[in-house]
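Within every chain, numbering begins at 1; the chains are lettered A, B, ... in the order of the sequence lines, protein sequences first and strands thereafter.
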Amino acid sequence: MLDIKLVREKSDYVRERLSTRGSGDENKISELLQLDEQRRKLVNETEVLKSQRNRVSKEIGALMGQKKLEEAEAKKAETRAMGDQIAALDKQVAEVEQKRDYLQLTIPNVPHESVVVGKTAADNPIVRVHGEKPEFAFQPKTHIELAEASKLIDFNRGAKLSGSGFLLYTNWGARLERALINFLLDLHTTEHGYTEVAPPYIINKECMVGVGQFPKFVDQAYAVMKGTDTESPAQYLLPTAEAPVANIHREEILKAEQLPIFYCAYSPCFRAEAGAAGVGTRGMIRVHQFDKVELIKIVRPEDGYAEHEKMVANAEKVLQLLELHYHTIMLCTGDMGFGSAKTYDIEVWAPGQGQYLEVSSCSNCEDFQARRMNLRYKDEKGENRFPHILNGSGTALARLFVALVETHQQADGSIRIPAPLQPYLKADKIPG
RNA sequence: GGAGAGAUGGCUGAGUGGUCGAAAGCGGCGGUUUGCUAAACCGUUGUACGGUCAAAAGCCGUACCGGGGGUUCGAAUCCCCCUCUCUCCGCCA
């Protein structure tokens, strides 16, 4: 969420930056300011009253001590009505505060000034290209054809077990998936300095609010309940490991020397994808459950953008080692996610699809999430500050799987395994 | 799932209706002493919000003793609900 003081003091700036997103959220600022103003007025009123009450209460206490009971009773009668007045005002404050807080949670982050202003994905500039589209002496197959031919994935039985958008990996497919996960975790932990964590897959609402998934994207989440118990507070299947991992230090005040914190985590990701195109058709491009290795950084604000660039490089390294052609784009203001101030997407080339697939999205959310989860650190001056929180996929698996098999498919139907992955799969190719 | 115990400041831990934002100890910070270190001694030590101020500092106020509600002139303290932790039993990968 945005710093209310910033909104108060630089409302025009905030409005202007928000308007570049093209979502109309800048129109919420006036209401926010109004609620803020109203709250401050009410808070002031109640505090004056409370101050009075406290004073009289102390006097009563003193009188009781001196056994001057009649005088004490008189004062009690005098202040009795104050309690109700205070209670009524407190209620008003709570109401206004609730409205303000909710409104604040629905306003997206302000884009960083280095972000290109644009409306849609078509406006996203390409910032880097690695390799080039591979040439094939034969007609390259799609991952669906390859997966069926080599029995990597049983699409029909996956759907039977769960529904459309769920995959059953089989034999070499399951092994390849596992090999990729281990390869990614090892790369980031041993080469890039991340500490591996394994979070719960069922998480509470606070995690979702903290990273900005809620309240806006509740309809995209899977809620879970215990047995037939519809009463207990809902928990959710994680849509990304970002949700639990970024929240590890929620409501903490970290010591300056604890920063920077680099975490990486494997998890499956569950997405309802309500209303999305592509679920319901076969394939692995858009599914309800996929594996991902996520990268999270918690850093000092002054380091945020340098660490952001490094994080993107860490994710790109994956594709380089797997000998895949990709390009990195910067999301324009209109295409950025809710909590992000700046985002790079990495898109890998999938020859069978004839298109680039997003396998990583690396964002600096600045202090937007830290404010939501009240995560702070104490700097050298002893002041509490909000750190920058960064998240990036390093990378998403299902689409990486697609790019890998489509890129490295051979004329004989086998799939070549790039050298860095071979020790993990314990094979140099998947037979056709 | 059953029974019991607990949750207080960075940590340990006292506090059962009134100068308690909270004793004491530890830690941290500053200082004295010292060739240096240590010890000892002295001082200091939370967070948020609101107000004041051009701003910072400072000052004033309010709230915060797991969370929410209640009783009361007044709640860390009494009552109710919830969450979490620990111990024992049961079940279980």
(request) Could you give the distance separating B/C82 and B/C73 at their P atoms, to the nearest angstrom? (result) 28 Å
(message) Measuring from atom CG of A/Asn44 to atom CG of A/Leu49, what distance do you get when rounded to the nearest 0.5 angstrom?
(response) 10.5 Å
(request) If B/U47 has a Watson-Crick or G-U wobble mate with both distances under 3.5 Å, name it; if not, just say none. (result) B/A63
(request) Give a yes or no on this: more than 12 heavy atoms of other residues, nucleotides or ligands lie within 6.0 Å of atom CD of A/Glu70. (result) no
(message) Rounding to an integer number of angstrom, what distance separates B/U85 and B/G46 when you compare their C1' atoms?
(response) 24 Å
(request) Ignoring the backbone of A/Ser51, work out which of B/G21, B/U62, B/A63 is nearest its side chain. (result) B/U62
(request) Return the nearest nucleotide to the side chain of A/Arg53; candidates are B/G51, B/C73, B/G21. (result) B/C73
(message) Need to verify one output field. Residue with the more 5' nearest nucleotide on RNA chain B, A/Val56 or A/Asn384?
(response) A/Asn384
(request) Just do the salt bridge (charged side-chain N to carboxylate O under 4.0 Å, His left out) check on A/Lys28 and A/Glu31 with the steps written out, would you? (result) CA-CA 5 Å; A/Lys28 295 177 179 167; A/Glu31 192 189 347; over 6 Å; no
(request) Compare the minimum distances between each of B/G51, B/U62, B/C49 and the side chain of A/Arg40, then state the nucleotide with the smallest one. (result) B/G51
(request) Would you verify whether the NZ or CZ of A/Lys297 falls within 45 degrees of the ring axis of A/Phe262 while also being under 6.0 Å from that six-membered ring's centre? (result) yes
(message) What's the gap between B/A48 and B/C89 when it is taken at their C1' atoms, as a whole Å value?
(response) 44 Å
(message) Using Watson-Crick or G-U wobble geometry with both distances under 3.5 Å, which nucleotide pairs with B/G25?
(response) B/C11
(request) Once you apply the 3.5 Å cut-off to both distances, tell me the Watson-Crick or G-U wobble partner of B/C86, or none. (result) B/G4
(request) Would you kindly compare A/Ala77 and A/Ile4 by the position of their nearest RNA chain B nucleotide and give the one closer to the 5′ end? (result) A/Ile4
(message) If you only use heavy atoms from C-beta on, which nucleotide in B/U62, B/G18, B/G51 is closest to the side chain of A/Asn54?
(response) B/U62
(request) Scan A/Ser57 against the nucleic acid and name what it touches under 4.0 Å (heavy atoms): base, sugar-phosphate only, or nothing. (result) base
(request) Can you tell me the pairing partner of B/U19 across any strand shown, Watson-Crick or G-U wobble, with both distances under 3.5 angstrom? (result) none
(message) Heavy atoms from C-beta onward define the side chain here; which of B/G46, B/C49, B/A48 lies closest to that of A/Arg376?
(response) B/A48
